[in-house]
Amino acid sequence: MRRLSTFAVLNIDGGDRISFTYDEINEETEEPVSTNNKKSFYVINPELADHINAIRQYIRQNKLEG
């Protein structure tokens with residue numbers, strides 16, 4: 001089983017890229033098989049892009065203003 005540890009959205013040359021780290025866990029023993037595995041992908045799915053933009057808007061309105 002893979003368990004997500006962290007993720008980040010990076011804006012690279014005007015496009016979004018998601019980098020994430022995960023651990024692999026043995027489902028029977030619940031012991032780690034490998035940790036700190038890293039992967040990334042470019043955001044091309046419009047629905048995912050909308051979610052990212054909603055998070056950005058929330059941060060702008062609630063964390064940067066005021």
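Partners of D50 by side-chain contact (heavy atoms from CB on, under 4.5 Å), not counting sequence neighbours: none found. Not counting sequence neighbours, the partners of R56 by the salt bridge (charged side-chain N to carboxylate O under 4.0 Å, His left out) test are D16. In this structure, the side-chain contact (heavy atoms from CB on, under 4.5 Å) partners of L4, at least two apart in sequence or on a different chain, are F7, F20. K38 meets the side chain to side chain donor-acceptor pair (under 3.5 Å) test with N36; sequence neighbours excluded. For D13, there are no side-chain contact (heavy atoms from CB on, under 4.5 Å) partners at least two apart in sequence or on another chain. Residues that satisfy the side-chain contact (heavy atoms from CB on, under 4.5 Å) test with R17, not counting sequence neighbours, are I12, S19, S40, Y42.
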Throw together a table of side-chain donor-acceptor distances under 3.5 angstrom for residues 26-33, partners on residues two or more places apart or in other chains.
residue: N26; atom: OD1; partner: E28; partner atom: N; Å: 2.8
residue: N26; atom: OD1; partner: T29; partner atom: N; Å: 3.0
residue: T29; atom: OG1; partner: E31; partner atom: N; Å: 3.3

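Counting side-chain heavy-atom gaps under 4.5 Å among Ile, Leu, Val, Met, Phe, Trp and Tyr, the cluster of I25 also holds M1.
A continuous path of ILVMFWY side-chain contacts below 4.5 Å connects L48 to Y22, so both sit in one hydrophobic cluster.
Put simply, the side chain of D23 never gets that close to the backbone of R3: no donor and acceptor are under 3.5 Å apart.
Residue Q61 holds its CD atom at 6.5 Å from CD of E65, rounded to the nearest 0.5 Å.
No side-chain heavy atom of V9 sits less than 4.5 Å from a side-chain heavy atom of V43.
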